[in-house]
Protein chains: 2
Amino acid sequence: MSKQPKYRQVADALRREIVNGAFDRDRRLPSESELSARFDASRNTVRSGLALLVSEGLITSSQGLGYEVRSQEVFELNASRFENLEFPQNGDAYNTDVTNAGRRPHQTFRVEMLPAPEEVADRLKIEKGSKAVLRFCHRYVDDMPWSTQATYYPAWLIEESPRLAEPGDIEEGTTRYLAARGIEQIGYFDEIATRMPTPEEARLLEVGAGVPVLLWTRTGYSGDRPIRCTITTFRGDLNRMNYEIGELAGRNENT
Amino acid sequence: MSKQPKYRQVADALRREIVNGAFDRDRRLPSESELSARFDASRNTVRSGLALLVSEGLITSSQGLGYEVRSQEVFELNASRFENLEFPQNGDAYNTDVTNAGRRPHQTFRVEMLPAPEEVADRLKIEKGSKAVLRFCHRYVDDMPWSTQATYYPAWLIEESPRLAEPGDIEEGTTRYLAARGIEQIGYFDEIATRMPTPEEARLLEVGAGVPVLLWTRTGYSGDRPIRCTITTFRGDLNRMNYEIGELAGRNENT
DNA sequence: TTGCTCAACTTGTTGGTACAAGCTGTTGCG
DNA sequence: CGCAACAGCTTGTACCAACAAGTTGAGCAA
């Protein structure tokens with residue numbers, strides 16, 4: 001029973017009340033000065049405790065408004081279904097999923113050519129710094145930023161399939177377009193990781209402190225050759241990826 | 001070009017230097033008082049900036065020692081291989097993976113019976129608060145905490161397969177033991193999520209601020225019935241999950 | 001009623017001070 | 001030589017003060 005610093009006692013007490021649902025009616029927490037009086041601590045000390053809870057992702061703060069318990073609503077991503085689908089750069093799966101969930105999808109899209117980032121060059125087995133085409137999606141659900149998706153194609157593939165480098169949608173989907181040109185995607189290599197967002201990611205996804213991002217990197221292969229690398233960043237607080245494996249089709253519509 | 005607060009300017013400048021590799025030799029950062037002089041800011045302001053970088057997972061701090069750039073070493077988890085494996089409660093896959101990577105595996109293990117947590121009860125389709133058997137692993141790599149794995153079995157399954165509730169390993173593996181008793185696992189439902197660790201998780205995994213956890217929840221089915229629910233928490237800074245899908249076997253030994 | 005101003009609240013930023021606590025190398029005693 | 005004590009560095013905790021900036025509702029004027 002070692003003595004904890006006061007700011008940790010504040011954080012622990014508030015955390016206990018939060019998980020016990022003490023603030024479930026209106027999710028507002030007492031103000032810093034109220035807490036300061038209640039815990040007989042200075043405003044700075046209370047702020048340290050609250051900052052801890054913010055960095056744990058338990059609460060948020062807004063200037064002028066106060067602190068709020070963060071809501072826990074998550075959006076399910078059926079990732080295994082993507083396996084059997086021509087991976088749609090025009091966002092078919094995303095549109096369908098979001099609409100089915102009763103939400104409103106919205107996305108912006110752009111195409112550019114640029115030197116491949118190192119982690120992309122490694123996966124595409126091309127020279128570090130060599131050119132690649134980036135097709136980039138910024139996706140929203142109910143006007144809330146949801147994910148960013150960056151798909152890189154190596155330059156050699158563009159020579160054979162020039163429409164990839166043109167701005168605008170490819171109506172039939174990029175996978176079908178590539179297949180029609182003899183490039184068939186036979187498998188994926190998926191990597192899933194998590195970390196705190198970079199400032200750039202925090203800006204695009206409008207996440208505050210205490211919210212990690214979920215990184216999904218899918219490298220698609222045609223024969224031995226990697227033909228594309230898709231890096232998707234999801235808000236960690238609002239997304240969960242699901243995989244169904246084995247004879248389970250349709251058994252898990254709940255949760 | 002809106003004016004940023006001074007502590008953000010400090011954080012931005014240091015972040016830029018860190019990603020450019022300015023501290024790559026010894027990973028030590030200048031001390032707070034040095035930075036205070038360099039940026040013409042008070043120690044408190046510099047500390048705010050550094051706290052930001054800590055919460056981004058970019059640096060760590062230790063009392064008496066200073067701030068260090070966090071190392072980026074990650075450990076690859078081949079998750080798709082788990083699909084075709086009797087899921088070993090005795091840690092066969094873990095032991096093999098870690099040993100093959102030239103690391104030293106170590107784990108502690110315990111068994112207990114307790115009321116199922118709500119999220120487990122939901123997945124096992126049992127009454128909230130009803131009893132379940134928990135088989136719990138705490139895994140280390142080179143004496144560093146790596147993951148915790150909690151597998152819950154519903155009480156009805158224990159009546160048919162009592163050894164699950166006994167402490168100690170089941171040598172042939174729980175999946176084989178269950179299969180021998182007529183309970184065959186035909187599929188999984190995987191969920192992958194991320195969030196900041198609870199204080200309990202931070203203690204078990206010895207992670208500091210700015211490191212999220214990767215949550216892997218696997219529900220195993222025998223026919224319609226869920227027979228177990230495994231919740232694994234990984235340190236987000238040291239782990240990455242890989243799935244190989246399609247005709248790719250063995251093509252990705254690098255990275 | 002409508003719309004504006006402003007007071008009164010909220011958190012955010014920046015400065016200051018003091019001391020506690022952890023680490024390391026030096027010093028000097030035995 | 002061996003080792004304990006200490007000085008001098010580091011970050012951690014806790015307090016105080018003042019002002020900036022965002023939000024809301026009261027209240028007044030048109």
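Chain letters run A, B, ... following the sequence lines, proteins first and then strands; every chain starts at 1. The model shown is predicted, which means the values in this text are computed figures rather than measured ones.
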query: Rounding to a whole Å, what distance do you find between Lys6(A):NZ and dA20(C):P?
result: 15 Å
message: From CD of Gln63(B) over to C1' of dG22(C), roughly how many Å is that when rounded to an integer?
response: 5 Å
message: Run Glu17(A) and Arg38(A) through salt bridge (Lys or Arg N to Asp or Glu O under 4.0 Å) and show every step you take.
response: CA-CA 14 Å; Glu17(A) 296 180 21; Arg38(A) 170 180 154 192; 2.4 Å; yes
task: Measure up the Phe234(A) and Trp216(A) rings against each other and bin them: parallel (under 30°), tilted (30 to 60°), perpendicular (over 60°).
output: parallel
query: Is the shortest side-chain N/O distance from Ser31(A) to OP1 or OP2 of dT10(C) below 4.0 Å?
result: yes
- request: Considering just the side-chain nitrogens and oxygens of Ser33(B), establish if one lies under 4.0 Å of OP1 or OP2 belonging to dT10(D).
  value: yes
statement: Leu65(B) CG to dG8(D) P, in whole Å, measures 20 Å
From dT10(C), dT11(C), dT24(D), nucleotide with atom closest to Glu32(A) side chain: dT11(C)
Residue of the set Glu206(A), Glu200(A), Glu201(A) for which salt bridge (Lys or Arg N to Asp or Glu O under 4.0 Å) holds with Arg203(A): Glu200(A)
field: Strand contacts (DNA chain C) in residues 35-49 of chain A, 4.0 angstrom heavy-atom criterion
entry: Arg43(A), Arg47(A)
query: Of the nucleotides dT13(D), dA21(D), dT10(C), which one has an atom closest to the side chain of Arg8(A)?
result: dT13(D)
query: Mind checking what makes side-chain hydrogen bond (donor to acceptor under 3.5 Å, both in side chains) contact with Arg15(B), not counting sequence neighbours?
result: Asp12(B), Glu56(B)
message: Strictly below 4.0 Å: does Ser62(B) bring a side-chain N or O up to OP1 or OP2 of dG22(C)?
response: no
Set of residues satisfying side-chain hydrogen bond (donor to acceptor under 3.5 Å, both in side chains) with respect to Ser31(B), sequence neighbours excluded: Ser33(B), Glu34(B)
message: Is any side-chain heavy atom of Met196(A) closer than 4.5 Å to one of Met196(B)?
response: yes
- request: Specify the separation, in whole Å, of atom CG of Leu50(B) and atom C1' of dT10(D).
  value: 13 Å
query: Which nucleotide sits closest to the side chain of Tyr7(A): dA14(D), dT13(C), dT11(C)?
result: dA14(D)
- request: With DNA chain C as reference, determine whether Tyr67(A) or Gly64(B) sits nearer its 5' end, using the nearest nucleotide of each.
  value: Tyr67(A)
message: Are the side chains of Leu214(B) and Leu214(A) in contact, using a 4.5 Å heavy-atom criterion?
response: yes
